[in-house]
Structure formats: structure tokens, C-alpha cells
Amino acid sequence: MVLIPSGSSARSTPATTRVPTSFPKEVPTNRPTGRAMTEDDPYTLSGPQSHDLWAESMAELVLERDPEDPIVTKGGISPSGVPHLGNMNEIARGYFVARALRDRGRAVKQIFTADDRDPLRKLPRKLAGLDGSIVGLGDVDAGALGRNLGKPYTSIPDPFGCCDSYGAHFSTLIERSADALEIPVETVSNTALYESGAFEDVTRYLLAHREQAREVLGEHQEKVDEEYVPFRPICAECGHVTETNSVRSVDLDAGTVEYVCTDVEAGDRIIEGCGHEGRATLREGKLPWRFEWPAQWHVLDVDFEPFGKDHAEGSWPSGADITRQVLGEVPPVPMAYEWFTLDGAPFSSSAGHVVMAQDVLEFLEPEVLRYFFTKDPSKARDFSIERADQLVDEFDEFERGYFEESVTSHETTREANTAYPAIVDSVSEQPIRLPYTFAAVLGMTDDATLREAMARREGHLPENASDRAIERALERVEYARTWAERTDNAYNYRLAAECPAVEFDSDIEAALDDLASVVEREASGEEIQSEIFETAREHDISPGDLFTAGYRLFFGTEQGPKLGPFLAELDREFVVKRLRREA
RNA sequence: GGGCUGGUAGCUCAGUUAGGCAGAGCGACGGACUCUUAAUCCGUCGGUCGGGGGUUCAAGUCCCUCCCAGCCCGCCA
């Protein structure tokens, strides 16, 4: 993690020289009410779009603002707990816009802010280790965490003991998610922005204009009273982030405030203040979120910012207004996105109904997951682990749409032409793709030779394919196998290495022996399949019972893949012995 | 209660810019194959485009209204 964004000192007009002197004394307010201007409508994806792919339309909107290079896209998450797939919208959405801008020859910097000066307000019920394992609160030192309520995430020890702080731990997890998605982002620690002084000038400016700040915020929030100060000092005694009413006096020349450590509301509970009266510098505190967000845009020169729909009607309009009316600047191009659900239910860290990008990449290829993030962000979308095969099928068609002209609808092809290169990063030859569920069938055996033979037999591997291409095609088998195991679905069968302990009626045993003889004669898959029915008839038993017997012998289950072709691919001697219940 | 976003086949979703035949994949069903057994291929079925009203030669698309879901309108982020 970089502590200070490299760009902030390299830019032609560093933030430190711009504030507070360059803030206009009189801010032009060309609107009588606090209502958002059309330009700041966060629903940039509603209505007519200029391009087939949303990211292209967003890039166009950004370019209309005539920004200087490097263009900055930003997202942010507070590192409060398990960073799930929905959180990755903050990074993945910005990435595709950054790509579109780069395609137009622009230099783009994608920033991710770890909003790690936010205070811990309640104990999370689930946490995640750096390896991605989800654990309950009881598995860590919950008491130690409880004693740190109210403190910034970066001031709380890592409950896993592996990182510098609670905040650093979960920021690291977020970074790992971005890495897993192969999205290059520059992580900026919010705490570092305060401690380095990067926020100091804008904080001073907001305090100097706190009257105006109150007025503008008051248009959006009712509970902004006389006592409201847009700065929350951190108590030198107990380490809590105090409330917006704790500041007693402001000394802008000295760059300090005097405060009283007050109680802080956290949901339906109160985090008690210690009553300490002290003095804090402008680096020893935190801007309230509604000011902190605009401050980030200002300090980091943000041109584009996607955010979840929870921000669209609250903090975005107020932040845009604060930027225009208090800071006298232009807020970034916004983009509100809808939330994901996971297998039909909302993501819930406390209920453990979460999945991280790292988990998903155990059963989906990175390009498939990246493809998921190219879909229209204005629609709520379900990410289904159960039906991961559907997503993969969709991706495969999408990919074919790119490589093969008009194999699919024009719409899909047009979108693929722009989105596909951004998904795979470097377009090479068209990869060989095994259908995902077929790959799951191949996953029933560990035998690499057998997997390849079965795939060839079904015509999924072209005769002239290179060894490397085949190797890559078969990589999908491991993904699909993990999926079958994880969801314990219809493909979760394993070829039993040892003969399961099974007992059969004598007529079934006789039928199995007959079948063994057929297999011994080098029968083809179809012949074996036919023979199962034939043998069943000869022994006056139902084919279903014979199939079941076969599945129990080979898989230890009642059902399985189409038996004839599957057996035909296995080692002949092994199949014969197993049918005779000998091995 | 108010504002916003969304609602298209059983499921997942295209199609809404610019009004012009209701679409795809999956599932289901049937077949290819003396064969119910999750592969593969072919075919079929599947719709009150959330409901109602309006504009129009023509509405999934535009207008009005209602219903449902989510978000925001306290704090926090």
C-alpha cells in the first residue's frame, strides 16, 4: 500500500498550493435550491446512452468535462470486514471505464481509497483471515475488539495478528481481491492522507467556512445545528473519533481545535466518550463522511466515481453540492450502481452469506468473473454460485461473439467487440473452451489422460490442437470440479478408487458378470450402453436397477454420468474387475 | 408518508437511445439411439413485457395512474 498517493506530489498543481488560497471567496451558486443539477444526476446509466457498453458511455461523459491527464477514477470501501463480491463493484466498475479511456489514448490512474479512518461502530460477526477463510467473532479475541469500539480501524490491533492494524488487515484483503481480478489499482489509505497532511488544507478551508458548510449540508440533512462542526477530532485520551458537536473552539492560525470527548451514536447504541478535554491538530481527526468524500475528490483530483445505490440519494447529492457550493469545484462524473445478490439473497456479512472474489476464482476463470462486471450496473443482478455454469456458458458465447462473426445476436457481438479485449487484457488466439458442465463430468476422475481422451471423444478438442492449447482447455476441469464439490450438485461424483462394499441380488450379480464379458471384448461406449439394457432384459431385471448397481460400484452413488461412454474410457481391466466386484 | 431505481418465458438475462413481427441461453418435454440415466446434436413447448388507462396507423419502448421489490429521506459510511 502506498501511504501517500504518488500522483499528489507529481501533479502540476499540487493540492497543497491550491488550498486554501485558490478557493474562491464567493462561490457561484446558480441554483436557488439544494436540488441536484442535471449534471450531477447520479443515474448516469438511465436513459439514452451514447455507446453499446456502459463503460464507453461513462468514458464519454468524463471526456466531456475536458479533464487533464492523468484522468483519475476512484472507488472506496471502509475496511470494516469481509470484502465481498458486491464490494468489488467499487474497483471493477471503475476499471472498465479506465480501460475505455485508455483505449482513447488517455493516461488514467485508478485509485482505491481504503476508508480506514472510519471508526469501528459495532462488532462484525464474521471476519476473514488473509487466506480468505471466514471465521466467527468467537475465533478471535472478541474482547479486545470490543474495547476498541469507536476507534479508527487503523488504530485497532489486527485480530488475526498478522497486519499492522484491523484496517490494514482488511485493506490487504481488498487489495488481494483486486489482484485476483487482475485489476491494477493504487490503494490510498485515508488515515495516511490525514497523517501526511494531505487533507490539512481542505480541512482548514472547511473549518474557515464552516458556516457555509453547515448551510449547504443543512439542505440535505435536518440535524445540522449550531454546534455542528465539520471536523471530528480523535480523543487523545481514549482514541475515539468524537462527534461533530465535540469541537469547542477553532484556531485556524495554529491549526488546532479544542474539543470535549463526547458520546457517539452508533446505530441503536451509544459509544461513550471519556469526557477528556483536549486540543487536536487538523491531522488528528476526521472529516465527517459527507465532507470527507468531497475532500478526497479534491485532494486526489477525481474525475469519475462509481458508488452503490445507497449513496445515490444521500451522500452523493450532498457531496456534489458541497463540492460546488463550498469548495467551488466540479464534482466527478458519478455513476450509481445497483447491488448484487448472492444466490437470490442479499450479501450479509453477519449471516455469513458472502463470497469473496478470491473464493469465486476457485471455480470461475478470472475472465468469466470479469465478464460478470461488464454487465449493466444499473440493474440489480444475482450472482449465482449454484448456477455458475450458466454464467460460464454465457461468457463462452460472448467470447465466440468476439472471435466468430455473427455467431450470435448483433447486440452481443457489438458489446463483445468492445468489452472482450478489456476482459482478457491481451487478445490472443481463440481459446478452446470445454462446456463447463462437461468439464465437471471430466472432474469425476483425476486421471489426466482419461480426461483428455473423453474430451477428444466428445469432439471438444480439435485434432490439430496444440499440446499447450489442450492443456489450457483442460484447466477448466479443476474449476468445474471445485464448483461441483462446493455446491454438491449433480456433477459431484468421484470415481471410487476402491470397490465400495456393496451387496447385490444374484440376478444383478449375474448381469454384472455378463456385462464384464462384453467390456472385455473391447466394446465401444455405445455398445456398453446398449448392453446394459440388453443384459437387464435377459436377466429379467429393470435397466434402472442395473444402472443403479453400476453407479454404486463405480461412484458409490445411486446416479451418475451416462454410464456406457464413461466406462468405455476407463482402463478396461479395471472396469472388468470392478464389474466382477473384484477390485 | 415523500423521493429515487428496478420489474420482459419456470430460471438468468438481452431488447427501451431513435415507437415498427416478443428474443437468447439454461431448464422442461420429445427425438437422434431395440436404450428414462445428467455428455453431444436436433426439435418442440413456453409470454397479461408487474396491473390498468391514454397518445399513435403502430407501444416492452412515449404519457398518466396503481401494485411489488430495493435504496434514500435519523446517525454512520
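Not measured: the values here are computed from a predicted model. Residue numbering restarts at 1 for every chain, and letters A, B, ... go by the order of the sequence lines.
Residue-level contact check: A/Y493 touches the bases, meaning some heavy atom is under 4.0 Å from a base atom. Note on A/W339: only backbone sugar-phosphate atoms sit closer than 4.0 angstrom, heavy atoms only; bases stay farther off. In this structure, A/G564 reaches neither bases nor backbone, as no heavy-atom distance under 4.0 Å exists between it and the strands shown. Using a 4.0 Å heavy-atom cutoff across all strands shown, A/P346 reaches no nucleic acid atom at all.
Taking atom CZ on A/R476 and atom C1' on B/A39, their separation rounds to 15 Å, with Å as the unit. The CG atom of A/L563 sits 13 Å away from the C1' atom of B/C35 (whole-angstrom rounding). In this structure, CZ of A/R400 is placed 15 Å from P of B/A24, rounded to the nearest angstrom. Rounded to whole Å, atom C1' of B/C71 lies 17 Å from atom CZ of A/F347. For A/Y436 and B/C26, the OH to C1' distance is 15 Å, given to the nearest whole Å. Atom-to-atom, CZ of A/F395 to P of B/C13 comes out at 18 Å; the value is rounded to the nearest Å. Rounded to an integer number of Å, the gap from A/I532 CD1 to B/C35 C1' is 10 Å. Counting to the nearest Å, the C1' atom of B/U40 and the CG atom of A/L442 are 13 Å from each other.
The side-chain contact (heavy atoms from CB on, under 4.5 Å) with A/S78 is formed by just one residue from the set A/D118, A/D116, A/N190, A/N87; it is A/D118.
Ring pair A/F533/A/F547: centre-to-centre distance below 6.0 Å. Aromatic rings of A/Y402 and A/F398 (six-membered ring for Trp) have centroids beyond the 6.0 Å cut-off, not under it. Between A/F372 and A/F383, the distance from one ring center to the other falls under 6.0 angstrom.
A distance of about 9 Å separates the C1' atoms of B/U8 and B/G15, rounded to the whole Å. Separating the C1' atom of B/A14 from that of B/G23 is a span of 7 Å, rounded to the nearest Å. Comparing the same atom, C1', in B/C26 and in B/C45 gives a spacing of 15 Å after rounding to whole Å. Spacing of C1' atoms, B/U56 relative to B/G19, comes out at 9 Å, to the nearest Å. Across the C1' atoms, B/G50 and B/G7 are found 6 Å apart, a figure rounded to whole Å. Taking the C1' atom of each, B/C13 and B/A18 are spaced 23 Å apart, rounded to whole Å. When the P atom is used for both B/U5 and B/A9, the distance is 22 Å, rounded to whole Å. When the P atom is used for both B/C49 and B/A59, the distance is 12 Å, rounded to whole Å.
Applying the ring-ring contact (aromatic ring centres under 6.0 Å, His included) criterion to A/W54, with sequence neighbours excluded, gives no partner residue. Evaluation of the salt bridge (Lys or Arg N to Asp or Glu O under 4.0 Å) rule for A/R476 yields A/E365, A/D396 as partners, not counting sequence neighbours. A/H460 pairs by the side-chain hydrogen bond (donor to acceptor under 3.5 Å, both in side chains) definition with nothing, not counting sequence neighbours. Contacts of A/T535 classified as side-chain hydrogen bond (donor to acceptor under 3.5 Å, both in side chains), with partners at least two apart in sequence or in another chain: A/E531. Scanning for side chain to side chain contact (heavy atoms under 4.5 Å, CB included) contacts around A/K122 gives A/R269, with sequence neighbours left out. The salt bridge (Lys or Arg N to Asp or Glu O under 4.0 Å) search around A/D115 returns none, not counting sequence neighbours. Not a single salt bridge (Lys or Arg N to Asp or Glu O under 4.0 Å) links A/E227 to another residue, sequence neighbours left out.
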Taking N or O atoms only and anything under 3.5 Å, show me the protein contacts with nucleotides 29-34 of chain B, one pair per line.
{"from": "B/U34", "atom 1": "O2'", "to": "A/R537", "atom 2": "NH2", "distance (Å)": "3.4"}

Short N/O separations, protein against nucleotides 75-77 of chain B, under 3.5 angstrom:
{"from": "B/C75", "atom 1": "OP1", "to": "A/Q221", "atom 2": "OE1", "distance (Å)": "3.2"}
{"from": "B/C75", "atom 1": "OP1", "to": "A/Q221", "atom 2": "NE2", "distance (Å)": "3.2"}
{"from": "B/C75", "atom 1": "OP2", "to": "A/Q221", "atom 2": "NE2", "distance (Å)": "3.1"}
{"from": "B/C75", "atom 1": "O2", "to": "A/R121", "atom 2": "NH2", "distance (Å)": "3.1"}
{"from": "B/C76", "atom 1": "O4'", "to": "A/R121", "atom 2": "NH2", "distance (Å)": "3.3"}
{"from": "B/C76", "atom 1": "O3'", "to": "A/R232", "atom 2": "NH1", "distance (Å)": "3.4"}
{"from": "B/C76", "atom 1": "O2'", "to": "A/R121", "atom 2": "NE", "distance (Å)": "2.8"}
{"from": "B/A77", "atom 1": "OP1", "to": "A/R232", "atom 2": "NH1", "distance (Å)": "2.9"}
{"from": "B/A77", "atom 1": "OP1", "to": "A/K286", "atom 2": "NZ", "distance (Å)": "2.7"}
{"from": "B/A77", "atom 1": "OP2", "to": "A/W289", "atom 2": "N", "distance (Å)": "3.0"}
{"from": "B/A77", "atom 1": "O3'", "to": "A/D118", "atom 2": "OD2", "distance (Å)": "2.6"}
{"from": "B/A77", "atom 1": "O2'", "to": "A/S78", "atom 2": "OG", "distance (Å)": "3.4"}

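Between A/W293 and A/W316, the ring-plane angle classifies as perpendicular under the 30° and 60° cut-offs.
Residue pairs meeting the salt bridge (Lys or Arg N to Asp or Glu O under 4.0 Å) criterion with at least one partner in residues 332-346 of chain A, sequence neighbours excluded, are A/K309-A/E338.
Remark: B/A28 base-pairs with B/U44. Criterion, Watson-Crick or G-U wobble with two distances under 3.5 Å. Applying the Watson-Crick and G-U wobble criteria (two distances, each under 3.5 Å), B/C73 pairs with B/G1. B/G6: Watson-Crick or G-U partner is B/C68, with both key distances under 3.5 Å. With a cut-off of 3.5 Å on both pairing distances, the Watson-Crick or G-U wobble partner of B/C57 is B/G20.
Closest-nucleotide positions on RNA chain B for A/D545 and A/F372 were compared, and the one nearer the 5' end corresponds to A/F372.
Here the shortest heavy-atom pairing between A/A114 and A/P79 reads C-CD, 4.3 Å.
The closest side-chain donor-acceptor pair between A/T437 and A/D389, if any, does not fall under 3.5 angstrom.
Side-chain contact between A/Y259 and A/F231 is absent, with no heavy-atom pair separated by less than 4.5 Å.
Residues from residues 547-554 of chain A with heavy atoms under 4.0 angstrom of RNA chain B, sorted by number: A/F547, A/Y551.
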Using a cut-off of 4.0 Å between protein heavy atoms and nucleotide atoms, how would you tag nucleotides 2-12 of chain B 5' to 3' with B, S and -?
-BSSSS---BS
